[in-house]
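First up is the structure itself, then whatever we jot down about it.
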2 protein chains.
Amino acid sequence: MENHFSFIEHIEAKRDGRELPAEALRSIISRFTADEIPAYQMSAFLMAVLWRGMTDAELSAWTEAMLRSGDVLDFSDIPLPKVDKHSTGGVGDKVSIPLAPMVAACGVAVPMMSGRGLGHTGGTLDKLESIPGFRSRLDPDEFRGVLTEHGMVLAGQSETLVPADKRIYALRDASGTVPSIPLIASSIMSKKLAEDLDSLVLDVKVGSGAFMKDADSARVLAETMVRIGDAHGTRVKAVLTNMDQPLGAAVGNAVEIEESLDLLVGGGPEDLQRITFRLGAEMLVMGGVAPGLDEAEARLREAVDSGRALEKFGDVVAAQGGDPGALTDRSLLPHAAHEHVVAAPEAGWVAVCDALDIGVASVRLGGGRQKQEDDIDHAVGISVEAKVGDRVETGQTLARVAYNGRAELQAALPLLERAWEIAAEPVQAPALIIDTVAL
Amino acid sequence: MENHFSFIEHIEAKRDGRELPAEALRSIISRFTADEIPAYQMSAFLMAVLWRGMTDAELSAWTEAMLRSGDVLDFSDIPLPKVDKHSTGGVGDKVSIPLAPMVAACGVAVPMMSGRGLGHTGGTLDKLESIPGFRSRLDPDEFRGVLTEHGMVLAGQSETLVPADKRIYALRDASGTVPSIPLIASSIMSKKLAEDLDSLVLDVKVGSGAFMKDADSARVLAETMVRIGDAHGTRVKAVLTNMDQPLGAAVGNAVEIEESLDLLVGGGPEDLQRITFRLGAEMLVMGGVAPGLDEAEARLREAVDSGRALEKFGDVVAAQGGDPGALTDRSLLPHAAHEHVVAAPEAGWVAVCDALDIGVASVRLGGGRQKQEDDIDHAVGISVEAKVGDRVETGQTLARVAYNGRAELQAALPLLERAWEIAAEPVQAPALIIDTVAL
């Protein structure tokens, strides 16, 4: 009863806009994780947080308490700077896959923990599992072993890391309390800070295919995460990037691995190249192995051109049980049985190539999940051939759809047919990199 | 899953400040009452309501849905106007007890359903149960029988009336979502409107001992309830009355019955008389048996002076199993073993006689409940002898404390010793009746 009553006082304080002391926030996290606070009190508290927000002091204490709710990694025995990159999620965002080996090949360790796709956003782990044999579920010793030997690892988050986040996220999802900046920021940052990083680069997506629809709210989220990092003693830099249209051309799983491989051999779509090299350069600079972004980009380019980045990726794929032969012989990757072409109904300039519609279409093809327990089809996907600003003629291909089931295609087509808008006048391509946020 | 998902949409709509359609509100009430909505979703919704409020249309639909969650009474066979009075709760507020027989003696039926005390506010049922044998728990047939025969009844709310309110209230109490004007107003009004009233008089208390601490918020609550009544087709008038200090002198249970009896024989404290006659007069006017407040007060006075009001009370007490002899022979009422006098530490004028402190002191003596399941001691109580504006000399009695246990007295004394503030200059007694609200 004591616990019960004092938690009500905390709910009331937050409800009434009063700042909670760090001790109260720590006790809320530890008691909720220990099943000592009922969900019906916690969800009311979360709604009050969504309403009233959190001060920097509250948010720092809250994030630290989440982070300490489970194991905290210690990679101090690895004598390299440790830098990770996290994206808030988008459509066609396969950046992590070519980025990690490029950065690791330049001497910065990347202990990357990724997630699975849910809704219209894809997941790095799902994409990687297109590679035959690849295991994204590593136990802590395996994770440390791959990271120590190869300077990088690409795996799912351990069950023992930040258990408070799993529980709070499930409750937020069921109680309408997801879109709270402090709750989003603490969820992301508690997991990243538990990785024992020296620095972190955040790719905060802005636009129709992103969680943050406008630059102002994305900037607030970015600033919030940067301040949490600072309070923890971890340098964080956020890059705001456009997600009104898919990143690169490929949207799906195996198709995104193929595009990642294009990047690792020096090719790939220009927008994907720009963001990957920029984020990688930020990581090298923060990791202290390059003095500035230009020098850093040159080193990343050299890692690609020399083949060291692709070799690094092959080594890690092999270390995680995957077939590295699939990285050079793409016939070993899954391919869908059929192809459908989405053609331009009229001539003009592409004004909209909607990331959300294309992301949802990919889910309907079977390439993503509506619910967490859904299976996915790694072979299906969409190749976008016309993006905002491009000139198209009537009948020109806007996208190629790789599909396996007729019903799935039929479900996806209405979205693909409305995803493009074609204007009679030339359209300016949007700025890809919108802003950066750091302290 | 369908239900689950659509409720999330309702939570999101309320969270984002959008108006919910009546159908959505009806379905929330009926599904929550049927255990089809988990408490952790409902508490988040209630916090969103506390944050965003409800429009008049929402509140009317919500209250109607609550009211229809259980049985709705039908007293159309009773050929009298049916008018009830409800108080939002205070300290020393025994008005219902003398009021109901006075009004019933004038030809207006009073189907009064009352509650028990919780926290610093006393409950009419607890007070009535000081009378040996009195039963406040009547089944629906008994309730109707007493009302039909005597034109009044004083009982607890039937379990089958407004079950949604019991469930929602328990969740509000546990989730920090009590102080929401729409939720308070709908809780009160759903129960009162289920009584099949023609009219309702509300006594909205304002001050330290009341739920509403200031006149502005009390006025908003009053206006909200009046509008709910209007939408339902029931005339409602609210009277805002002062609750900075206890009403009358007696605070407890048996002591409040004694003071109620004083009123029924033409005596009692002046403030209690004024409020009781005023609320009773409003009821007679709304019931159509008197043309105006002056005439109505005169008729109430005549009911008291003639002994008809006391006789009515005796008949109802007897009909509900109580000993009517206790109404004239007060030795049959419970009395505490000991008395302690709280004396003025200095001379001057009483500036504060704090209702909340005195109410909590009564609870600590054993006369009230901290938790719903607590037992109470009907004999203990406090008699207030100096109220705001009164001149007191050093050592003069401020209050007499009737107690049974030394430990209970010791727990109560610190509150009683701080409840009075004495000023060096004369102090004006506060306005007793602050305002009235009606359409």
Non-hydrogen atoms of chain A under 4.5 Å away: do they reach the side chain of L46(B), the backbone, both or neither?
neither
So which heavy atom on A174(A) is nearest to which on Y40(B), and how close?
CB-CE1, 3.6 Å
If you round to the nearest 0.5 Å, how far is CE of M47(A) from OG of S43(B)?
9.0 Å
Nearest-0.5 Å distance, OG of residue S175(A) to CD of residue E12(B)
9.5 Å
Over all atoms of both residues, closest heavy-atom pair of R15(A) and T177(B)
NH1-N, 4.5 Å
Does atom CD of E159(B) have more than 12 heavy-atom neighbours from other groups under 6.0 Å away?
no
Applying salt bridge (Lys or Arg N to Asp or Glu O under 4.0 Å) as the test, list every pair that has at least one member in residues 355-367 of chain B; sequence neighbours left out.
D357(B)-R418(B)
Taking all heavy atoms of I8(B) and all of D173(A), pick out the closest pair and write down the distance.
CD1-O, 3.1 Å
Does atom CG of D214(B) have more than 12 heavy-atom neighbours, drawn from other residues, nucleotides or ligands, at distances under 6.0 Å?
yes
